[in-house]
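A short worksheet on the structure shown next.
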Amino acid sequence: GKSVVSVSQFSTEGLGLLYAVAGKMKEMVADKSDDATLSRNPPLRGRVLGTLFYETSTRTACSFQAAVARLGGTFVSVDPASSSIKKGESLEDTVMSLLSYCDAVALRHPAKGAARAAVGVARRPVLNAGDGVGEHPTQALLDLYTIAAELGGEAGLSGLRGKVVALIGDLKHGRTVHSLAKLLARFGCVLRYVSPASLQMPRYIQDEVESAGESVQTEVEDIGVVLEEADVLYVTRVQKERFASREEFDRVNGSYKITPEVLSKVKPSSVLMHPLPRVGEIVEDCDLDPRAAYFKQMENGMYVRMALLALVFGKA
Ligand code: CP
């Protein structure tokens with residue numbers, strides 16, 4: 001089994017395999033017949049996943065847990081508030097403890113680099129479920145899967161060349177967009193970074209995108225500049241928990257709000273995405289617009305995490 005720390009670990013062929021397996025997972029979940037594979041011969045029977053989340057989560061934790069359960073395995077979960085983490089136990093010792101009982105651990109932690117530190121002591125796979133302002137690889141994997149499904153057509157990932165993806169909001173702290181920009185860079189997308197000046201995409205991510213050599217990237221503050229050309233509007237939350245002061249947060253919060261009026265300027269074929277949770281960046285009046293894909297992202301997340309678990313355990 002292999003740990004997952006960063007999207008950089010995935011080759012283009014590896015992504016193709018992951019998404020082919022995710023597609024099969026979707027079909028398998030939909031099959032409710034008596035001889036369905038997931039009920040008769042579930043691939044992860046007897047496997048146990050540990051979920052260790054030092055930060056709050058709805059989607060990532062629940063979709064990992066549902067993914068392993070649907071594949072015939074089970075999970076145990078550590079709650080930082082009621083575990084020995086409260087007594088001061090280190091991340092490394094906590095991961096080692098959990099891996100004494102589990103076949104893999106999905107880890108979310110507020111510190112960038114936490115997943116890599118955990119891998120350093122782990123004798124079984126660690127799956128990065130978000131490390132501070134670092135990366136959120138499984139989210140970006142499900143986002144790319146969704147973008148390819150919505151825009152790539154028959155060509156899939158290779159249909160993304162030249163597509164304009166606007167990453168909007170808190171690009172400084174948003175680990176999801178850090179991972180996603182690196183993935184999109186491989187497929188020749190045009191990346192438009194839309195953020196307040198103080199929340200720009202970090203230079204080191206832009207350098208990695210540039211070194212992929214396939215993508216154009218530009219920075220703007222005014223969302224109006226990108227609305228007509230964007231094939232994807234990927235909106236993010238301003239990450240309140242990462243700010244030093246409330247004042248600093250208030251200065252930039254609410255910079256962008258997608259409403260039906262904003263959407264009226266966007267191409268009919270475009271896709272509106274958000275990793276969620278949203279706190280006002282996309283108003284609920286947009287939810288029934290055919291371009292809204294944020295609920296599809298959540299569903300795809302489980303199929304992609306099922307595929308990842310199956311591949312990690314050599315059971316795909
Ligand atoms: N998108 C995402 O990571 O959501 P959660 O924080 O709810 O897991």
Side-chain angles (χ1 to χ4, degrees), residues 1-10 14-31 37-38 42-78 98-99 102-109 115 118-119 122 124-131 134-149 157 175-176 179-180 183 273-277 293-316:
K2 206 166 186 294
S3 291
V4 175
V5 172
S6 165
V7 291
S8 307
Q9 293 169 243
F10 289 80
L15 290 171
L17 174 64
L18 178 72
Y19 294 161
V21 176
K24 280 192 203 139
M25 292 298 176
K26 185 174 183 175
E27 286 170 19
M28 279 160 66
V29 169
D31 183 359
T37 306
L38 290 185
L44 296 193
R45 198 192 325 248
R47 302 288 187 153
V48 182
L49 175 71
T51 50
L52 173 56
F53 280 62
Y54 287 78
E55 286 187 327
T56 55
S57 171
T58 297
R59 275 147 293 274
T60 313
C62 293
S63 66
F64 263 120
Q65 293 167 355
V68 72
R70 285 184 184 273
L71 290 166
T74 186
F75 68 88
V76 295
S77 186
V78 178
L98 203 47
L99 283 176
C102 301
D103 300 297
V105 164
L107 169 69
R108 172 170 289 186
H109 194 279
V119 169
R124 292 180 180 145
V126 173
L127 309 173
N128 183 3
D131 63 322
E135 281 214 39
H136 192 348
T138 62
Q139 176 72 41
L141 291 169
L142 76 88
D143 291 336
L144 180 65
Y145 179 83
T146 305
I147 292 170
L157 291 170
R175 55 194 172 202
T176 294
S179 294
L180 185 57
L183 276 183
M273 299 177 70
H274 194 305
L276 303 180
Y294 29 97
F295 301 129
K296 288 185 202 167
Q297 282 171 267
M298 291 197 283
E299 186 185 336
N300 289 339
M302 187 180 73
Y303 305 136
V304 170
R305 291 186 175 107
M306 287 174 78
L308 191 67
L309 288 171
L311 287 164
V312 162
F313 289 126
K315 297 284 184 184

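Worth knowing before you read on, the calculation uses all heavy atoms, side chains too, and leaves out hydrogens, waters and symmetry mates.
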Mind checking the [atom1]-[atom2] spacing from [X] to [Y]? Nearest 0.5 Å is all I need.
X    : Y    : atom1 : atom2 : value
R305 : N300 : CZ    : CG    : 10.5 Å
R70  : M302 : CZ    : CE    : 4.0 Å
T146 : M273 : OG1   : CE    : 5.0 Å
L71  : R47  : CG    : CZ    : 11.5 Å
H136 : S179 : NE2   : OG    : 8.0 Å
E27  : L38  : CD    : CG    : 11.5 Å

Output yes when a side-chain donor or acceptor of R59 lies under 3.5 Å from a complementary backbone atom of M298, and no otherwise.
no
Say whether, by atom type as modelled, one donor and one acceptor occur between the side chain of Q9 and the main chain of S6 under 3.5 angstrom.
yes
Any side-chain heavy-atom pair from [X] and [Y] closer than 4.5 angstrom?
X    : Y    : answer
L15  : L183 : yes
V48  : T74  : yes
V4   : F10  : yes
L107 : N128 : no
T37  : D31  : no
D143 : Q297 : yes
V304 : T138 : no

Pick out which of D131, T51, T60 makes a side-chain contact (heavy atoms from CB on, under 4.5 Å) with R108.
T60
